[in-house]
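To start, the structure itself, in structure tokens.
A, B, ... follow the sequence lines: proteins, then strands. Residue 1 opens every chain. Note that these values count all heavy atoms, side chains included, but never hydrogens, waters or copies made by symmetry.
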Protein chains: 2
Amino acid sequence: MNKFMLIYNQMVDKIETGEYPPSTLLPSENELKDSFQTSRETIRKALNLLSQNGYIQKIRGKGSVVIDITKMNLPVSGLVSFKELAEKMGREPITTVHELSLIHPDRELTSHLNPHAKDLIWKVVRTREIGGEKVILDKDYLLKSAVPTLTKEVCEDSIYSYIENKLGLQISFAKKEILIEEPTEEDHSFLDIDGFHNVVVIRSQVFLEDASLFQYTESRHRPDKFRFVDFARRRPTV
Amino acid sequence: MNKFMLIYNQMVDKIETGEYPPSTLLPSENELKDSFQTSRETIRKALNLLSQNGYIQKIRGKGSVVIDITKMNLPVSGLVSFKELAEKMGREPITTVHELSLIHPDRELTSHLNPHAKDLIWKVVRTREIGGEKVILDKDYLLKSAVPTLTKEVCEDSIYSYIENKLGLQISFAKKEILIEEPTEEDHSFLDIDGFHNVVVIRSQVFLEDASLFQYTESRHRPDKFRFVDFARRRPTV
DNA sequence: CAGTGGTCTAGACCACCGA
DNA sequence: CGGTGGTCTAGACCACTGT
């Protein structure tokens with residue numbers, strides 16, 4: 001692990017356990033540099049990570065203030081798999097695989113996934129059950145050229161974990177779009193959605209570390225179970 | 001302007017104009033260092049900004065790939081005022097101020113805004129009209145201690161611009177939460193919402209550069225006009 | 001004024017990629 | 001093997017804050 005990452009993780013711990021309480025100042029960069037026996041730029045990398053993730057606010061001439069995260073909710077934002085998310089929330093999720101097949105892309109899918117001429121595509125349809133109700137319908141499309149094999153068991157567990165841990169691929173970033181739509185026939189047949197007039201649709205393109213697009217996902221949520229939190233800085237942290 | 005910011009802006013231009021085309025490699029950090037007559041760390045700051053904002057993907061041992069932004073949509077994500085947003089989309093927005101008053105906080109508002117004992121709060125209720133329809137209802141609450149005066153004209157233009165340009169305050173970050181709710185009486189009376197069964201509610205806490213909370217906003221959107229795009233990296237850029 | 005964070009530099013070593 | 005980006009260092013100067 002990198003030095004700045006170790007320092008970052010230690011400081012996250014100290015903030016979350018209250019050793020660095022909210023609204024107080026962290027030790028100065030020079031003090032941290034000495035106590036961690038490193039250079040100031042390395043300390044600054046760790047502090048910038050803390051800043052990006054909403055733990056501190058740096059103020060020139062004063063110091064770094066610890067931000068109160070009590071009501072900050074969990075950082076759902078970013079790129080998190082359903083399983084990681086459900087586990088963070090302490091729920092035991094149930095995933096049901098309704099379809100797992102290899103298809104040829106139609107025109108619409110081609111526009112989202114940019115496959116090569118004869119690429120086959122994995123199509124995976126799953127529902128997610130929380131508290132006894134099916135509230136999420138996920139339709140994933142993955143390039144077979146990137147993910148040669150895929151099984152029902154993998155889809156019931158976590159495709160992300162399979163890709164990163166078993167295949168050794170690195171997922172690097174995603175573009176997402178969140179919209180509200182009316183439920184389709186498919187939503188009605190797969191989800192417990194009676195009495196709801198809208199679904200939240202999240203369309204994502206997911207990219208590997210070489211910037212190649214390998215997955216397109218449409219995730220359809222019952223609106224009462226949807227929640228998205230976001231921490232946004234107005235100016236960049238460098 | 002900082003050197004790395006100048007370099008960043010120039011490179012954004014070159015990417016957006018196609019001088020650095022999608023899926024090609026940028027010049028290496030050493031080449032950029034020479035051509036911009038600077039140090040490699042400064043180049044790296046600019047490249048990290050490009051990476052954070054979805055313009056490039058850095059690949060160790062190879063170089064920095066330009067990401068295809070053609071379908072990338074505008075970066076709506078982050079902290080952008082309604083006016084900035086509408087102008088980016090080329091629409092002429094109409095803002096109507098329905099209420100501008102000073103109130104004492106009730107218990108719920110206190111929990112969102114943490115005012116001091118006798119702080120008064122500006123309450124601003126506005127609707128946003130696009131294409132002849134009222135589609136957004138904004139309810140803003142601002143600490144009078146941070147914003148001493150507020151006029152109808154300012155609220156019709158942009159409160160953010162007033163705060164940053166006239167008052168000289170720096171808005172630094174926001175925590176947001178996006179939820180789907182059923183329309184209230186108030187939604188029905190202020191918005192053109194007949195036939196819609198849900199509204200998208202964005203609750204935000206906005207903070208100044210000294211990490212002090214000064215604004216709480218509830219922004220209620222008609223679901224058909226709501227769209228949120230997001231670019232998320234799985235690993236930090238440092 | 002001393003102390004804080006912000007920027008910039010020059011140099012070093014490393015892990016990784018492709019020829 | 002040379003070139004790429006990733007990390008780390010030590011030092012310098014700056015702008016800003018408080019006393």
Side-chain angles (χ1 to χ4, degrees), chain A residues 1-9 11 20 23-52 55-67 168-170 172-173 208-212 233-238, chain B residues 1-9 11 20 23-52 55-67 168-170 172-173 208-212 233-238:
Chain A
M1 179 91 65
N2 312 327
K3 197 178 283 195
F4 71 82
M5 212 55 188
L6 285 169
I7 297 172
Y8 167 76
N9 287 328
M11 299 192 74
Y20 294 146
S23 304
T24 63
L25 290 176
L26 291 184
S28 76
E29 295 181 352
N30 277 312
E31 289 167 349
L32 290 168
K33 167 194 66 141
D34 294 338
S35 71
F36 282 105
Q37 304 231 37
T38 180
S39 70
R40 199 179 141 217
E41 285 292 348
T42 298
I43 291 295
R44 284 178 56 74
K45 281 190 183 178
L47 293 185
N48 283 337
L49 271 188
L50 291 171
S51 168
Q52 283 172 33
Y55 286 103
I56 65 170
Q57 169 72 10
K58 307 176 96 186
I59 307 176
R60 187 201 303 235
K62 290 178 75 172
S64 298
V65 187
V66 178
I67 295 177
L169 298 173
Q170 287 286 339
S172 84
F173 63 92
L208 297 174
E209 208 168 30
D210 63 353
S212 67
R233 289 205 168 267
R234 190 154 171 85
R235 286 164 217 297
T237 60
V238 278
Chain B
M1 180 89 66
N2 311 328
K3 196 178 283 194
F4 70 82
M5 213 54 188
L6 286 169
I7 297 172
Y8 166 76
N9 286 329
M11 299 192 74
Y20 294 146
S23 304
T24 63
L25 290 177
L26 290 184
S28 75
E29 295 181 353
N30 278 312
E31 289 167 348
L32 290 169
K33 167 194 68 148
D34 294 338
S35 72
F36 282 105
Q37 304 231 37
T38 180
S39 70
R40 198 180 142 217
E41 285 292 347
T42 299
I43 291 294
R44 284 178 56 75
K45 281 190 183 178
L47 293 185
N48 282 338
L49 271 188
L50 290 171
S51 169
Q52 283 172 34
Y55 286 104
I56 65 171
Q57 170 72 9
K58 307 177 94 184
I59 306 175
R60 190 203 302 237
K62 290 178 74 173
S64 297
V65 187
V66 179
I67 294 177
L169 298 173
Q170 288 286 342
S172 82
F173 63 91
L208 297 175
E209 209 169 28
D210 63 354
S212 68
R233 289 205 167 268
R234 192 156 171 83
R235 287 165 217 297
T237 61
V238 277

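- Taken residue by residue, residues 27-48 of chain B places heavy atoms nearer than 4.0 Å to DNA chain D at B:Ser28, B:Glu29, B:Arg40, B:Glu41, B:Arg44.
- Residues B:Lys33 and B:Asn30 meet the side-chain proximity criterion, which asks for heavy atoms closer than 4.5 Å.
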Derivation of the side-chain contact (heavy atoms from CB on, under 4.5 Å) call for A:Val238 and B:Asn2: CA-CA 11 Å; A:Val238 278; B:Asn2 311 328; over 6 Å; no
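- The two residues A:Pro27 and A:Leu32 come nearest to each other via the heavy atoms O-CD1, 3.5 Å.
- Of the residues near DNA chain C, A:Arg60 and B:Lys62, the one whose nearest nucleotide (by heavy atom distance) lies more toward the 5' end is A:Arg60.
- Within the 4.5 Å cutoff, the side chain of A:Ser64 has heavy atoms near those of the A:Lys58 side chain.
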side-chain contact (heavy atoms from CB on, under 4.5 Å) between B:Ile56 and B:Tyr20, worked out: CA-CA 10 Å; B:Ile56 65 171; B:Tyr20 294 146; over 6 Å; no
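- Taking atom CG of A:Leu25 as the reference point, atom P of D:dT17 lies 14 Å away to the nearest angstrom.
- Side chain of B:Arg234 to main chain of A:Gln170: no donor-acceptor pair is present (N/O by atom type, distance under 3.5 Å, no hydrogens or angles).
- Proximity of B:Met11 to B:Leu49: side-chain heavy atoms (C-beta onward) are nowhere separated by under 4.5 Å.
- Between A:Leu25 and A:Lys62, the shortest heavy-atom contact is CD1-O, 4.1 Å.
- As rounded to whole Å, 14 Å separates atom P of D:dC14 from atom NZ of B:Lys3.
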Pair A:Ile43-A:Thr38, side-chain contact (heavy atoms from CB on, under 4.5 Å): steps then yes or no: CA-CA 7 Å; A:Ile43 291 295; A:Thr38 180; 3.7 Å; yes
Watson-Crick or G-U pairs under 3.5 Å in DNA chain D, rendered as dot-bracket with [ ] for crossing pairs and | for another strand: ||||||||||||||||||.
Full working for side-chain contact (heavy atoms from CB on, under 4.5 Å) between A:Glu209 and B:Gln57: CA-CA 8 Å; A:Glu209 208 168 30; B:Gln57 170 72 9; 4.0 Å; yes
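- Taking the 5' to 3' direction, DNA chain C first and last meets chain A under 4.0 angstrom from a heavy atom at C:dG3 to C:dC8.
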